[in-house]
Amino acid sequence: MFASFSAWSARGRGSARLTAGTLASGLLATAVIAGAGTAAADGEETPQGHSGAAATIGGLKTYGAAVIHGAGGDQEVSAGLFEMSVEGGGMLQTYCVDIHTPTQKDAKYRETAWSGTSLGTNKDAGRIRWILQNSYPQVNDLAALAKKAGVRGQLTEQDAAAGTQVAIWRHSDDVDVEALDPQAEQLADYLQKNARNQPEPQASLTLDPPAVSGRPGERIGPVTVRTDAPGVTVVPPADAATSRVRIVDKDGEPVTTATDGGQVFFEVPEDAAADTAELTVQASTTVPVGRAFVSDSRSQTQILAGSSESTVSATASATWALEGAIPALSARENCAEGGVDVTVANQDDEPFTFELAGAEHTVAARASTTVTVPLDEDQPYDFTVEGPGGFEQRFSGMLDCRTRASEIGTTTHTLGGPSPAPVGGAATDTNLAETGAANLTPWIAGTAIALVVLGGAGLVVTRRRSAVSHD
């Protein structure tokens with residue numbers, strides 16, 4: 001997942017600032033992580049380039065029931081396939097890889113590398129991809145799947161989805177979970193035991209690098225297209241008519257389309273004032289099975305099980321100046337290191353010195369360096385890279401690298417499905433995924449105890465029944 005940034009600001013502070021928890025909410029913190037924008041002066045916030053598919057979750061569509069066995073007892077949950085609608089057109093099917101985090105209603109998701117999720121530090125992530133490739137819906141001949149898995153009895157779509165999800169959870173969350181339906185449980189056991197490591201799939205569409213820099217009058221780049229689509233459409237900067245910035249190939253010829261491995265450049269007029277421009281590429285393709293999807297609103301991480309022909313896009317920016325430093329900065333969350341990697345590429349003929357997280361760093365001329373800023377899990381961050389001449393570039397977001405631990409008492413809920421209940425106990429109708437109350441469970445319990453101690457007051461929680469949809 002990319003961090004957000006704002007470019008050039010001539011305020012001349014003396015050191016970089018690193019502040020955790022300064023943003024108003026988790027939603028605000030992550031909403032700026034991945035999107036498209038143009039750099040601006042005076043510290044205006046603009047987001048880092050986005051790569052791949054962006055989608056809105058539509059709910060749990062094909063599912064069965066499962067039981068989590070934990071220290072606090074057994075808990076019934078819904079297990080199966082979600083559907084997402086892709087911005088620009090297309091549909092995705094996904095399973096979740098974070099069993100103890102609720103799915104937020106209509107949450108926005110973006111395609112990302114495993115390194116920006118809990119999969120990046122999970123030695124079994126490749127086994128999860130094998131499960132996806134060898135089970136439903138990639139294998140939709142359920143009779144053949146049942147025979148191969150040694151399933152006794154008929155395997156329904158609901159059984160296949162539940163069994164696949166349970167097998168994934170065993171690898172993604174290291175949780176003791178089993179499917180309630182015998183056929184689904186037999187499938188889950190087969191998938192878990194036979195899973196083999198598979199490599200992480202390539203992104204559906206990216207631009208490499210996401211940021212470049214240079215002098216006016218030059219062709220700034222190259223930016224290389226990486227995609228599994230047969231071709232992409234290249235969209236020039238929004239203000240190209242007035243800025244006279246063109247997107248060209250290495251020979252200076254205008255570029256409107258490109259293929260995998262193609263290189264494009266920003267051609268900036270010689271008399272252009274210091275500024276930043278952005279290009280976008282767009283394509284229609286099927287997103288590779290196993291790609292991770294993360295939310296802007298702390299909704300549970302998803303992994304792709306199937307894709308229709310879908311719209312994907314990517315952005316890259318170019319910065320230029322007549323004199324002085326012209327670094328190109330980009331950032332990416334690195335879950336293996338527990339922080340954000342900030343990459344600084346220096347296209348100047350002189351070294352570039354900058355301050356970040358209280359330390360000074362120098363990048364040699366025509367070189368680049370990457371600095372990892374360590375961060376706390378699930379805490380908003382907001383820090384600024386500062387250099388000479390008033391250079392500033394700000395990054396903000398939220399690090400979400402681990403699955404939620406079961407021992408904290410968080411209940412598991414899935415959008416559109418029945419709410420979980422302790423096995424053998426009364427069902428609860430509260431859909432915490434919809435109300436957003438799941439993370440408040442320990443706080444609510446503590447508050448109730450305090451009220452009883454202080455005045456014997458009862459805490460009444462009104463629960464409303466949420467609709468259940470089945471395919």
Side-chain angles (χ1 to χ4, degrees), residues 1-4 23-36 47-48 50-61 78 80-88 90-120 122 125 128 165 168-169 172-173 203-204 287 290-305 307 310 312-313 332-333 335 340 375 377-381 396-404 410 412-417 431-440:
M1 199 192 309
F2 286 114
S4 70
L23 300 182
S25 69
L27 176 61
L28 175 61
T30 54
V32 296
I33 284 180
Q48 175 79 309
H50 161 65
S51 297
T56 301
I57 199 162
L60 190 63
K61 296 300 183 182
S78 302
L81 271 173
F82 289 85
E83 282 189 1
M84 293 188 188
S85 56
V86 179
E87 294 178 12
M91 294 295 295
L92 307 176
Q93 292 176 301
T94 61
Y95 290 103
C96 87
V97 289
D98 190 358
I99 192 172
H100 289 287
T101 295
T103 304
Q104 304 297 334
K105 183 177 177 60
D106 297 327
K108 304 291 186 182
Y109 280 80
R110 299 184 187 278
E111 181 184 344
T112 192
W114 287 359
S115 60
T117 74
S118 60
L119 297 170
N122 185 343
I128 296 172
Q165 178 65 91
I168 289 171
W169 278 335
S172 66
D173 293 74
S204 60
V287 182
R291 289 295 290 170
F293 280 79
V294 292
S295 172
D296 295 342
S297 55
R298 288 184 177 177
S299 190
Q300 62 188 185
T301 301
Q302 304 281 316
I303 191 164
L304 189 72
S307 168
S310 299
V312 295
S313 63
R332 185 183 292 274
E333 291 179 359
C335 288
V340 171
L375 298 166
E377 175 76 8
D378 287 334
Q379 291 296 317
Y381 61 83
S396 62
M398 179 177 293
L399 196 69
D400 185 9
C401 287
R402 294 196 295 267
T403 57
R404 191 174 299 276
T410 303
T412 305
H413 297 267
T414 46
L415 180 64
N431 188 338
L432 296 189
E434 189 170 8
T435 63
N439 294 335
L440 300 181

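Basis for what follows: all heavy atoms, side chains included, without hydrogens, waters or symmetry-related copies.
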Run Lys61 and Leu81 through side chain to side chain contact (heavy atoms under 4.5 Å, CB included) and show every step you take. CA-CA 6 Å; Lys61 296 300 183 182; Leu81 271 173; 5.7 Å; no
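- Residues Cys96 and Phe82 approach most closely at CB-CE1, 4.3 Å, considering heavy atoms.
- To the nearest 0.5 Å, atoms OG1 (Thr103) and NZ (Lys105) are separated by 12.0 Å.
- Remark: Thr301 engages no residue in a side chain to side chain donor-acceptor pair (under 3.5 Å) (not counting sequence neighbours).
- Under the side chain to side chain donor-acceptor pair (under 3.5 Å) criterion, Gln302 pairs with Thr94, sequence neighbours left out.
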Go through Ser204 and Arg291 one step at a time and tell me if the side chain to side chain contact (heavy atoms under 4.5 Å, CB included) criterion holds. CA-CA 9 Å; Ser204 60; Arg291 289 295 290 170; 5.9 Å; no
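- The shortest non-hydrogen separation linking Arg110 to Ala54 is NH1-CB, 3.8 Å.
- Here the CD1-CH2 distance, from Ile99 to Trp169, works out to 4.0 Å after rounding to the nearest 0.5 Å.
- Looking at Gln104 and Ser295, their side chains never come closer than 4.5 Å, going by heavy atoms from C-beta outward.
- Looking at every heavy atom in both residues, Val340 comes nearest to Glu333 through CG2-CG, 3.8 Å.
- Minimum heavy-atom separation, Tyr95 to Gly80: CD2-O, 3.4 Å.
- Ile303 CD1 to Asp98 CG: the interatomic distance, rounded to the nearest 0.5 Å, is 12.5 Å.
- The line from CG of Asn122 to SG of Cys335 is 11.5 Å long, rounded to the nearest 0.5 Å.
- In this structure, Ser307 contributes its side chain and Val287 its backbone to a donor-acceptor pair below 3.5 Å.
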Could you give me the CA-CA distance, side-chain angles and deciding distance for Thr56 and Tyr109, then say whether side chain to side chain contact (heavy atoms under 4.5 Å, CB included) is met? CA-CA 6 Å; Thr56 301; Tyr109 280 80; over 6 Å; no
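- With sequence neighbours excluded, the residues forming a side-chain contact (heavy atoms from CB on, under 4.5 Å) with Ala55 are Met84, Val86, Leu92, listed by chain and number.
- Take Ser85 and apply the side chain to side chain donor-acceptor pair (under 3.5 Å) test, not counting sequence neighbours, and it matches no residue.
- To the nearest 0.5 angstrom, Gln300 atom CD is 10.0 Å from Ser172 atom OG.
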